[in-house]
Amino acid sequence: MASPRLSFRNITALAPMVRVGTLPMRLLALDYGADVVYCEELIDLKMVQCQRVVNTVLQTVDFVAPDDRVMFRTCEREKDRVVFQMGTADPDRALAVARLVEKDVAAVDVNMGCPKEYSTKGGMGAALLSDPDKIEAILKKLVAGVSIPVTCKIRILPSLQETVDLVQRIERTGVAAVAVHGRFKEERPRHPVHCDYIQAVAQAVSVPVIANGGSLDLVKTNADVAEFKRASGASSVMLARAAMWNASVFSSQGPLPLEKVMEDYLKYAIRYDNNAFNTKYCLCQMLRDKVESPLGKQVQAAQTNTEISKAYGLQTFYQHTQEELQARRDTSQTSSQPERPVMDGDVTTMAIRFERREYPPQITPKMFLLEWSRKEKLEQPHYDTVERSQDRSFQSTVTVAEKKYRSSLWEKSKKFAEQASAIVCLRTLGIPEGRIGEEDSGLVSKRKREGKINGSAEEKRKKLHVASIPETVSSGVAVETNGDHHRAEQP
Ligand code: FNR
């Protein structure tokens, strides 16, 4: 069943924060009462190269870069609450990224507020604020291209009117909310927030406005959230530093003692195998002026999650968690072959590539799947192939008997992607696929298996139209014949 669309009205959100907004912090914020959690900003250029990997040991979905770095890790618990924030200056790339994560997150957001040079020099972040046409192009493309809500986060412009005009233009793109950080792009976090700007925007548009920027002077505890709402006139509030310092700011029972918050955070960091340096960074942010305390010094000296756990007296928790994860690792390795099917929504997936050399020259898994479908009197397999624009690789999903199958690996050609999806289907259903050395199943004729197709052009033409089995032509390009003369190229 599809998840309900995330609403941005009357919510309190964890703001996007580079290095802070990783999975452990987001789960912590949710536990304490945040309605919505934004991930740290992730740059489109890096994200588009990522592979979506279902991590059966951690029970997460990981987006993994070609160098094996996990760029974004998420899990079922936050699926309906997490907003994926990207840094982008390119509508097509933004859409490619949004589509990549669409099934695993509740919404996507574009960062239009980052004043740092690494962001602005690429035309991203706050640079977008002076290019409203680009803003419009990106947001329109996203709104039209994905089925989840799209939001953006801006800083305020030099005048009230300019800010209102921009947000009205943004509203017309169809976004689900606009987060307004009430500071000019030149201002630093220590400067007071301009609630009057947020208020003017909130009055001028009907799309939900999320007020941001109140951590320093306004929001210290949960009770202050209402005051920030009142002062900014917005129904929703987004907290960055107040949450980074003590995430229990989201709890109406809070603030909880920092020791408890750090311990809760660390347990998530251990459970989800968070990068140790990232864990350290977040704990040091929480420790703030206590970073030079004995505990702070131990944290700073720690190099691994084990050492950090020791500093907090969590060795037993660490040990138990490692044992549990190891047990899961062992089960997933021994329970079946490496190509164990993994459900990805309603699609059965396996990490499989089509290796041409594993099949006789005239034979492909697609042929076997087609023949099997005919034998079973099923509709012919239907292939849906998508292309990833950034590296021009392909992924295909085949539908057979109303069930979908896909390889989680991307292929360099459409043909190979289709073959890979056919293999996933055949292996899942335990059907022969024509590999060299496989016992002859009789699914595809012996003559064909032996590659004895040398007839005249006329003979071939006849076969294309009358034969009930897939045929090949001597160029090596196969044409699968079927009732409606559908042509499908084979590698
Ligand atoms: C940020 N901020 C930020 N904003 C954003 O849109 N994407 C991001 O990745 C980050 N990264 C980030 C990291 C860290 C460590 C901090 C402190 C801040 C800005 C943040 O979301 C927010 O707009 C400002 O901090 C103002 O809100 P507060 O802190 O007053 O609640």
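Just so you know, these numbers use all the heavy atoms, side chains as well, and skip hydrogens, waters and symmetry mates. Counting convention: from 1, in listed order, for ligands and their atoms alike.
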Checklist entry - Do other residues, nucleotides or ligands put more than 12 heavy atoms under 6.0 Å from Arg69 CZ? => result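 Incorrect, the count does not exceed 12.
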
Item to check | Output field: ring centroids Phe184/His194 closer than 6.0 Å | outcome: yes

Checklist entry - Mind checking what residues have non-hydrogen atoms under 4.0 angstrom from ligand 1? => result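 Close residues (ligand 1, cut-off 4.0 Å): Ala15, Pro16, Met17, Val18, Glu41, Gln85, Asn111, Lys153, His181, Arg183, Asn212, Gly213, Gly214, Ser215, Leu239, Ala240, Arg241.
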
Item to check | Any side-chain donor near an acceptor of the partner, Asp344 and Thr349, under 3.5 Å | outcome: no

Item to check | Test side-chain hydrogen bond (donor to acceptor under 3.5 Å, both in side chains) applied to Ser421 - qualifying residues, sequence neighbours left out | outcome: none

Checklist entry - Among all residues two or more places apart in sequence or in another chain, which pass the salt bridge (charged side-chain N to carboxylate O under 4.0 Å, His left out) test with Lys229? => result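 Residues passing salt bridge (charged side-chain N to carboxylate O under 4.0 Å, His left out) with Lys229: none at all.
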
Checklist entry - What residues form a salt bridge (charged side-chain N to carboxylate O under 4.0 Å, His left out) with Lys404, not counting sequence neighbours? => result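 Lys404 satisfies salt bridge (charged side-chain N to carboxylate O under 4.0 Å, His left out) with Asp346 only.
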
